[in-house]
Amino acid sequence: MIYLMEVGPDGRRLRQVELTEGGVAYRSTPEDWPFNPPWVDRYDPVWVPFVIGQEEFEAQWTRAVHDPSRWD
């Protein structure tokens, strides 16, 4: 699986897209997660190779489906 995350200034996820091996994309928001601690230091250079553009994220977000049962 590949996870694409939009991260806020405090390092918490704002939106997430989960890309499965089968080609299905699932989207989720903080309302779907039981907790949402700061996940990433946005200024840590180790993350630079993994950064994608807003356009690419939005394209994946748009095609993804929301299935709340995945996070129950």
Report task. Would you kindly confirm whether Val48 and Val46 end up in one hydrophobic cluster when ILVMFWY residues are joined by side chain heavy atoms under 4.5 Å apart? Result -> no

Query raised in the report: If every non-hydrogen atom of Trp61 is compared with every non-hydrogen atom of Gln16, which pair is closest and at what distance?
Result: CZ3-O, 3.6 Å

Report summary line: On a heavy-atom basis, the closest approach of Leu14 and Pro30 is O-CD, 3.1 Å

Query raised in the report: Which heavy atom of Arg27 sits nearest a heavy atom of Asp32, and at what distance?
Result: O-OD2, 4.5 Å

Report summary line: Heavy-atom closest pair (Glu18 atom, Tyr3 atom, distance to 0.1 Å) is CG-CE2, 3.5 Å

Query raised in the report: Would Val7 and Ile52 show up in the same hydrophobic cluster when neighbours are defined by side-chain heavy atoms closer than 4.5 Å?
Result: no

Query raised in the report: salt bridge (charged side-chain N to carboxylate O under 4.0 Å, His left out): which pairs involve residues 55-65, sequence neighbours left out?
Result: Arg15-Glu58

**Report entry** Phe50 reachable from Phe57 in the ILVMFWY side-chain graph, under 4.5 Å edges
**Finding:** no

Report task. Evaluate side-chain contact (heavy atoms from CB on, under 4.5 Å) for Tyr26 paired with Val65, printing each intermediate quantity in order. Result -> CA-CA 5 Å; Tyr26 295 101; Val65 296; 3.7 Å; yes

Query raised in the report: Out of curiosity, Met5 CE to Arg13 CZ, how far, rounded to the nearest 0.5 Å?
Result: 7.0 Å

Requested in this report: Please check if Leu4 and Val51 belong to a single hydrophobic cluster, counting links between Ile, Leu, Val, Met, Phe, Trp and Tyr side chain heavy atoms closer than 4.5 Å.
Outcome: no

Query raised in the report: So, does Asp10 use its side chain to make a donor-acceptor pair with the main chain of Pro38 at under 3.5 Å?
Result: no

